[in-house]
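Comments concern the structure below.
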Amino acid sequence: MAALSKSIPHNCYEIGHTWHPSCRVSFLQITGGALEESLKIYAPLYLIAAILRKRKLDYYLHKLLPEILQSASFLTANGALYMAFFCILRRGLLTIYMANLATETLFRMGVARGAITTLRNGEVLLFCITAAMYMFFFRCKDGLKGFTFSALRFIVGKEEIPTHSFSPEAAYAKVEQKREQHKEKPRRMNMIGLVRKFVDSICKHGPRHRCCKHYEDNCISYCIKGFIRMFSVGYLIQCCLRIPSAFRHLFTQPSRLLSLFYNKENFQLGAFLGSFVSIYKGTSCFLRWIRNLDDELHAIIAGFLAGISMMFYKSTTISMYLASKLVETMYFKGIEAGKVPYFPHADTIIYSISTAICFQAAVMEVQTLRPSYWKFLLRLTKGKFAVMNRKVLDVFGTGASKHFQDFIPRLDPRYTTVTPELPTEFS
């Protein structure tokens, strides 16, 4: 901790915006690059979302552009204002010291210092616990609302929701009516028809517990169908995410288009989502058979076991995000129940602190930052985050220049307070 009390004589040009001595010009360059990248991110995102939600023409004419600009300006401010305050606080580096002190309590930095021992498959265990709680709230009446409830209903199906507006008898009648209609209509025996006939033959036979609400299928086919459906969804999602990268090399490397469909990650995401649904449904059916009742508590066991599916697609990002959203959900439930107090603007405060920690790590110890987030910062700042003079920050003991050993900025001596070190080719 003694290193944190040290001071350095360098100014903001020598440390931060080493590519240009002017604070104003550097700020404008960062702002322009951040705005450009923000528009590239949010413009297609909002457009695709509008198409999927089947927005009317009025939305495209009056609301689409303002929403894009609002989100783009928000993200631009993240990158631009950091550099601005870096210059404003050039003599008050206490802020950086205190942020560094706070970040030492974070997990990744604790691991880097040897203070915390990592747990093998820890992200999978966290996801199992999170999934167990999410599925329990999903099964409870008014447990989840809004997008979260809709998303889980899409993933696991409405059959796992305990309350339905129709009785079992009515459901059986509706199923029989559908089957009669299928018999009346002549079906062409193409490949799709043969597959459908095969699946229907499986669904008609086999066990189904009286408490199960998947009236059209038996328990075995119910799980198989769930796996196939969500495997397809995961596969297509990963394909769509790779489309921009594949088409960027359409003319230079046409063979890369094949990787769009035969990429390993496509199958991993598909296996993750498909196995999650099938394990959850299979466990739920099994518990209904064993206990001879349908209970919300089944969702805790089924959700936990379904979480093991993350072994196919390990992601700390997904686990941490869902866990934080779960904490948020439980916090608001506590507010509704009058058990915990409400803190105004808590989301803004938490976001500000989180951003400060991430940017602190990006300057003082990049090795502890999530690689994907570091690449995002480089993209947002047009690579300028990588040309900070981190060698002079090594006195604080965080290994600031660990990944930048070969970089020496070309500084103009007229604007420096310390004689700059010359690059290798000039020394």
Please walk me through it: do I318 and M310 pass side-chain contact (heavy atoms from CB on, under 4.5 Å)?
-> CA-CA 10 Å; I318 294 176; M310 182 168 269; 3.9 Å; yes

Indicate the atoms forming the closest heavy-atom contact of [X] with [Y], along with that distance.
X    : Y    : result
T76  : S38  : OG1-OG, 3.4 Å
F407 : M388 : CE2-O, 3.7 Å
G157 : F138 : O-CZ, 4.4 Å
G399 : Q367 : O-NE2, 3.3 Å
F385 : A362 : CZ-CB, 4.0 Å
L377 : F359 : CD2-CZ, 4.0 Å

Side-chain donor-acceptor pair present, E67, Y59, cut-off under 3.5 Å =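 There is such a pair between these side chains.
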
Between N389 and T18, a side-chain donor and acceptor under 3.5 Å |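 Side-chain D/A pair, N389 to T18: absent.
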
Can you tell me if [X] uses its side chain to pair, donor with acceptor, with the backbone of [Y] under 3.5 Å?
X    : Y    : answer
T283 : Y280 : no
Y134 : L326 : yes
S73  : Q70  : yes
S275 : A271 : yes
K382 : I30  : no
D394 : S401 : yes

Please determine whether a side-chain nitrogen of the Lys or Arg among [X] and [Y] lies less than 4.0 Å from a carboxylate oxygen of the Asp or Glu.
X    : Y    : value
D295 : R291 : yes
K213 : E159 : no
R153 : E160 : no

Test ring pair (Phe, Tyr, Trp, His ring centres under 6.0 Å), reference Y235, set F272, F267, Y313, output is F267

Between [atom1] on residue [X] and [atom2] on residue [Y], distance to nearest 0.5 Å:
X    : Y    : atom1 : atom2 : answer
L369 : I357 : CG    : CD1   : 11.5 Å
L380 : L35  : CG    : CG    : 10.0 Å
D58  : L64  : CG    : CG    : 11.5 Å
C223 : I228 : SG    : CD1   : 11.5 Å
Q268 : M311 : CD    : CE    : 11.5 Å
T381 : L378 : OG1   : CG    : 5.5 Å

Please assess I408 against K391 for the test side-chain contact (heavy atoms from CB on, under 4.5 Å), listing each intermediate value before the final yes or no.
-> CA-CA 8 Å; I408 300 175; K391 282 184 177 291; 4.2 Å; yes

For F312, does the CZ atom have more than 12 heavy-atom neighbours from other residues, nucleotides or ligands under 6.0 Å away?
-> no

Around F286, counting heavy atoms of other residues, nucleotides and ligands shown, do more than 12 lie under 6.0 Å from its CZ?
-> no

Kindly indicate whether the side chain of [X], heavy atoms from C-beta on, has any atom under 4.5 Å from the side chain of [Y].
X    : Y    : value
Q238 : V233 : no
I308 : C128 : yes
W289 : C219 : yes
F396 : L393 : yes
I41  : F376 : yes
V124 : F127 : no
C23  : H17  : yes
F227 : I279 : no

F154 six-ring face occupied by R229 cation (under 6.0 Å, within 45°) |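 Relative to the ring axis of F154, which defines the angle, R229 lies inside both limits.
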
Aromatic F137 / basic K333 pairing, under 6.0 angstrom, 45° off normal | yes

Going through the distances and angles, do L297 and L287 end up as a side-chain contact (heavy atoms from CB on, under 4.5 Å)?
-> CA-CA 10 Å; L297 294 176; L287 292 173; over 6 Å; no

Please lay out, stage by stage, how D294 and R139 fare under the test side-chain contact (heavy atoms from CB on, under 4.5 Å).
-> CA-CA 10 Å; D294 192 18; R139 287 294 310 274; 3.1 Å; yes

